[in-house]
Amino acid sequence: MDIAKETTALLERLGVDKAVLAGGSMPSYSPLTGGKVADLSPISAQDAAKAIDAADEAFRQWRNVPAPRRGELVRLLGEELRAAKDDLGRLVSIEAGKIPSEGLGEVQEMIDICDFAVGLSRQLYGLTIASERPGHRMMETWHPLGVVGVISAFNFPVAVWSWNAALALVCGNSVVWKPSEKTPLTALACQAIFARAASRFGDAPQGLLQVLIGDRAIGEVLVDHPKVPLVSATGSTRMGAEVGPRLAKRFARAILELGGNNAGIVCPSADLDMALRAIAFGAMGTAGQRCTTLRRLFVHESVYDDLVPRLRKAYESVSVGNPLETGALVGPLIDAAAYKGMQSALEKAKAAGGEITGGERMETAQDAAFYVRPALVEMPKQVSPVTEETFAPILYVMKYSDFDAAIADHNAVGAGLSSSIFTLDMREAERFLSADGSDCGIANVNIGTSGAEIGGAFGGEKETGGGRESGSDAWKGYMRRATNTVNYSTVLPLAQGVSFDI
Ligand code: UN1
């Protein structure tokens, strides 16, 4: 398979001009082979600022378009995504290394959020609130906010953009997107797909979606630009720790979706067959490179010797390889740095008494592709590196005897994204979901930590950043709220009984 040729052909089919793929100074690689697939031209800081100005102009028109009509644009985007699903899914596989069903699943997630946002475009409801004064009415209105900056990561190169863009657009905002440097091609494809939807829509303002191809300095232009009132950023906790304070300094909003160090608890009553499958997908799926990947597992001592050997077998036998050429379930790591990070975590785990199954690099013809066997590490207790997120397929397994202690250990890490309990005991399940249970933004019962549906709000607590994207009422983060009080009486009573007679 000539991956560079196929990438160019896919991009052309998706509507990207071939000329932008060659001759630039920013090489783009596929983790499937490590080979180069394009040379893009990064945008300059000056042009990035201009693109943001253009998006602000577009916003000023778009905010006056009725929300249900704005929904029509997102409906068309959903239609274009349906038509492009096979090609875009394959491009996601080429650029991010995902297996075909996950590449397609990512596009399905985009289609789903478009459907959700179309419905939402008729439901941007505010409250009517009882006023304490006679002849007065109080209400809340939700208004468009402005340019929404989106910074996305390589591991969900297009779905996370669409969560933000679909909501932002129906909410009356424009979007400026800085994709990961590791996955710019899928972003260019989305830009072309969006352009088709916009042209079918007819009178959408120019510049509603801007894509900034570039490095970190371009991300900084977006974060610091005074015309960007909200930045939604997905990536490492380290990135969030830089972006958050910069936004706070100029009182801009942040939606941060950062690291996860997600855990599961397997209780004595668990359905072990089901738990096994959920754990296998959660920990090894997407080669351990989801922010929701299962990274820690607490197994009750009464089922440990039943479950863990079966899990070990699954780790030893799972197919690893180029998912577009073989039926492999585990594709490559994104790059050499990810491989190094994985090896250094495994060395630390070994030094801390961990017993490791897997973790080794697989032989391939290509030096620059990093295929690894997922690692299962039995740990005597929860110490570093278990307490840190390593963005690779490592599952640390620990034995527990006391449920309260397991919950305490579950919560004793910096991140707070996703979590799972496997139990048939309703007391344990409800406790896990309660105020003194899991401290994560996502807490599941009898399913894994990854693979959330778009209908719920997505995000997490603590070092995960606190932001919420996608479903439920996450849209409120993309609008500004006004409280309106209307006096339809002939007098002017002041609130709280204050008198001020001039
Ligand atoms: C991410 O890894 O940044 O819940 C997003 C999931 C997907 C989204 C993951 N729906 O695993």
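Just so it is clear, the structure is predicted and the values come from calculations on it, not from any experiment. One-based numbering, in listed order, for ligands and for the atoms of each.
- Sorted by first then second residue, the salt bridge (charged side-chain N to carboxylate O under 4.0 Å, His left out) pairs that include residues 439-455, not counting sequence neighbours, are Asp439-Lys462.
- Each side-chain hydrogen bond (donor to acceptor under 3.5 Å, both in side chains) pair with one or both residues in residues 248-258, not counting sequence neighbours, would appear here, but there are none.
- Among pairs with a residue in residues 428-474, those fulfilling ring pair (Phe, Tyr, Trp, His ring centres under 6.0 Å) read Trp163-Phe458, His410-Phe432, at least two apart in sequence or across chains.
- By the 4.5 Å heavy-atom criterion applied to side chains, Ile279 and Val266 are counted as neighbours.
- Although no hydrogens or angles enter the test, the distance criterion places a donor-acceptor pair under 3.5 Å between the side chain of Ser438 and the main chain of Cys440.
- Salt bridge absent: Glu181 and Arg216 never bring a charged side-chain N and a carboxylate O closer than 4.0 Å.
- Each of Glu109, Asn155, Phe156, Trp163, Glu257, Arg290, Cys291, Thr292, Ser450, Gly451, Ala452, Phe458 has a non-hydrogen atom positioned under 4.0 Å from some atom of ligand 1.
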